Asker: 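Have a look at the structure that comes next, please.
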Amino acid sequence: MKILSKSLFCIFFLIGISYTILAQEQEKTMILITNVNVWDGTSDSTISADVLIEGDKFKEIKANIKAPKGATVIDGQGGTLIPGLIDMHQHLMLWGGTTEGTYEYDAYGQGARAIKMAERLIQQGYTTVRDIGGNSLSISRLILEGKLDGPRVYSAGPVISQTGGHGDWGPTNEMPGEGNYQTMTANTHVVDGVPEVIKAARWNFRNGANFIKVMAGGGVASTFDPLNMTQMNIDELKAIVEVANAYESYVAVHSYHDRSYNMALDAGVKSFEHGFLITEPTVKRMSETEGVFWSWQPYGSYTLFAGGFPDWFTPDMREKGAAVNKGAVIVPPLMRKYGVTVVLGSDMFGDEVRFARTNIISAKEVPDTGYTDLEILKMATSNCTKILQMSGPGRDPYKAAKLGVVEVGAWADLNIWKDDPTKDVTALKSDDDLKLVIKGGKVYKNNLK
């Protein structure tokens, strides 16, 4: 009798599993996109093809796909289908800026504004962002769990800064150890010495960070630090890199000049932001160092810093921004000359995030870089793929598939544009010309109806 009971239990258990698997298969949505020219993110041209999405991934990409039963069919109206855009330098939690007097929102207000920014970014066509400073860890998790709408978020969590560094956003009358609202809400860690920086980096990873961001040199939008200073010493930087290596992840640094870039290279840093005051020998060294890449912000450095500074910039910040603007035309051609992998990050936050795509167009406007429109578009799509994967299997929430490409098995993230941005990236300028945005098989914007 016991044997019979066990057998019946096994039978019903297996039947239950079968029905569960069948139900899950039936729940997978199918979307067939027809009448489009497809750019896969890596090729030199587009192809005429249909695109079939099953669930959250690309299922087929070829001509004349027969619509599966129950599939939603979308006519692409002859537009160009490209991978979803990726912004590699974003700050979801910093709507109000970073200087004294701009802390107009408490943690709840910052979170609400971050949600609004995330929604605006996906409506811009950005299906993935790398948040490189600010406590967006909860926002990242909620989007991952499907509880909020927005792009996928790879978050560094709070930046790591020394006292008086680019991430020290406290008031001028703050005493050592007091802390301020930006440290209390964990948008930034202000720490000094090897034990403190190790603890900060470990705290970030403990709370879900995908990589680490360190302020390693002077900045424009900060009160206490000139551009030409180095921040953190070599032992502190090496200690932070060692923590990241333990997680099989990586470190990104903010900096502008040769001394801080070379110190970061000595420490084993892989991701280099800004850098508009570095010289040719440093670029050459970057090209010779495995796994190193450069994150370019052409809108801020070239377009904005030509004179149209944010209202909250102080006179000192405007002076520093003008210095960066002079170098904004020198460094990009060097990066291309030495073959450094380049990705685009808008560094546009707050209300201006509505115009984040302007950053891609600004890359074309910088004179004499040598970059083609296709190369620039790769900086906002497929060039980002390996870099996002550098978070490592334990820190990459999207490791199950590729990002930044349109290929079978990759995450089904895409835009459809009226014209072909691979030939002219200014095709990305108008919101009206963005016809469709899909992230993970879910439609976020559809003007093809």
Side-chain angles (χ1 to χ4, degrees), residues 83-94 98 117-118 120-122 124-134 136 140 150-157 159 166-167 210-217 219-221 250-256 261 269-276 278 286 292-305 321 324 327-328 331-332 335 340-350 352-366 369 371 375-388 390-391 403-404 425 428:
L85 299 175
I86 300 174
D87 188 332
M88 292 292 281
H89 192 117
Q90 186 50 245
H91 297 287
L92 293 174
M93 297 298 290
L94 302 185
T98 58
M117 284 177 63
R120 286 183 174 181
L121 280 162
I122 201 159
Q124 285 264 306
Y126 285 99
T127 54
T128 301
V129 301
R130 190 175 66 142
D131 191 296
I132 199 156
S136 58
S140 175
R152 308 173 193 275
V153 178
Y154 283 78
S155 177
V159 300
H166 186 55
N210 308 112
F211 64 103
I212 298 294
K213 167 70 174 300
V214 181
M215 301 307 196
V220 175
Y250 69 97
V251 173
V253 291
H254 162 104
S255 182
Y256 280 98
Y261 258 50
V269 167
K270 298 299 184 185
S271 172
F272 289 79
E273 314 298 305
H274 310 302
F276 298 107
I278 63 174
M286 291 173 68
V292 163
F293 66 95
W294 184 56
S295 174
W296 182 19
Q297 300 77 40
Y299 171 78
S301 61
Y302 178 75
T303 305
L304 182 64
F305 288 173
V324 167
V331 174
M335 293 292 175
V340 176
T341 299
V342 179
V343 294
L344 288 172
S346 71
D347 206 11
M348 297 168 71
F349 48 93
E352 70 176 6
V353 81
R354 294 176 297 165
F355 313 108
R357 288 193 315 269
T358 303
N359 187 62
I360 302 173
I361 296 168
S362 289
K364 180 176 181 176
E365 293 171 347
V366 177
T369 66
Y371 287 116
E375 288 172 328
I376 290 169
L377 195 59
K378 287 179 181 180
M379 297 174 191
T381 53
S382 59
N383 280 14
C384 309
T385 304
K386 287 184 179 180
I387 294 157
L388 294 173
M390 282 167 54
S391 290
L403 292 164
V425 294
L428 304 176

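Below, all heavy atoms of this structure are taken into account, side chains as well, without hydrogens, waters or symmetry copies. If you're wondering where the values come from, they're calculated on a predicted model, not measured in any experiment.
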Asker: Looking only at heavy atoms, what is the nearest atom pair of Ile360 and Tyr126, with distance?
Answerer: CD1-OH, 3.6 Å

Asker: Please step through side-chain contact (heavy atoms from CB on, under 4.5 Å) for the pair Phe211 and Lys270, ending with a clear verdict.
Answerer: CA-CA 11 Å; Phe211 64 103; Lys270 298 299 184 185; over 6 Å; no

Asker: Would you please test Ser391 and Tyr154 for side-chain contact (heavy atoms from CB on, under 4.5 Å) and show each step?
Answerer: CA-CA 9 Å; Ser391 290; Tyr154 283 78; 3.8 Å; yes

Asker: Report the C-alpha separation of Phe272 and Val340 in whole Å, then their side-chain angles, then the decisive distance to 0.1 Å, and conclude whether the side-chain contact (heavy atoms from CB on, under 4.5 Å) test is met.
Answerer: CA-CA 11 Å; Phe272 289 79; Val340 176; over 6 Å; no

Asker: Quickly, which of Leu377, Thr369, Ile376 forms a side chain to side chain contact (heavy atoms under 4.5 Å, CB included) with Lys364? Name it, please.
Answerer: Ile376

Asker: Between Arg130 (side chain) and Met88 (backbone), is there a donor-acceptor pair under 3.5 Å?
Answerer: yes

Asker: Looking at Ile132, is its backbone amide N or carbonyl O close enough to the side chain of Gln90 to form a donor-acceptor pair, meaning the two atoms are under 3.5 Å apart?
Answerer: no

Asker: Does the Asn383 side chain pair with the main chain of Val343, one donor and one acceptor, at a distance under 3.5 Å?
Answerer: no

Asker: If you look at every heavy atom in Leu403 and Thr385, which pair is closest and at what distance?
Answerer: O-OG1, 2.6 Å

Asker: Within the distance-only criterion (no hydrogens, no angle test), does the side chain of Arg357 pair as donor or acceptor with the backbone N or O of Leu428 below 3.5 angstrom?
Answerer: yes

Asker: Quick one: closest heavy-atom pair of Gly84 and Thr381, and the distance?
Answerer: O-CG2, 4.0 Å

Asker: Verify, without hydrogens or angle tests, whether Asp87 (side chain) and Ser346 (backbone) share a donor-acceptor contact under 3.5 angstrom.
Answerer: yes

Asker: Quick one: are the ring centres of Tyr256 and His254 less than 6.0 Å apart?
Answerer: yes

Asker: Students often mix this up, so state it plainly: with edges at 30° and 60°, are the rings of Trp294 and Trp296 parallel, tilted or perpendicular?
Answerer: parallel

Asker: Does Asp131 reach the main-chain N or O of Val153 with its side chain, forming a donor-acceptor pair under 3.5 Å?
Answerer: no

Asker: Compare every heavy atom of Ser295 with every heavy atom of Glu273, then report the nearest pair and how far apart it is.
Answerer: OE1-OG, 2.7 Å

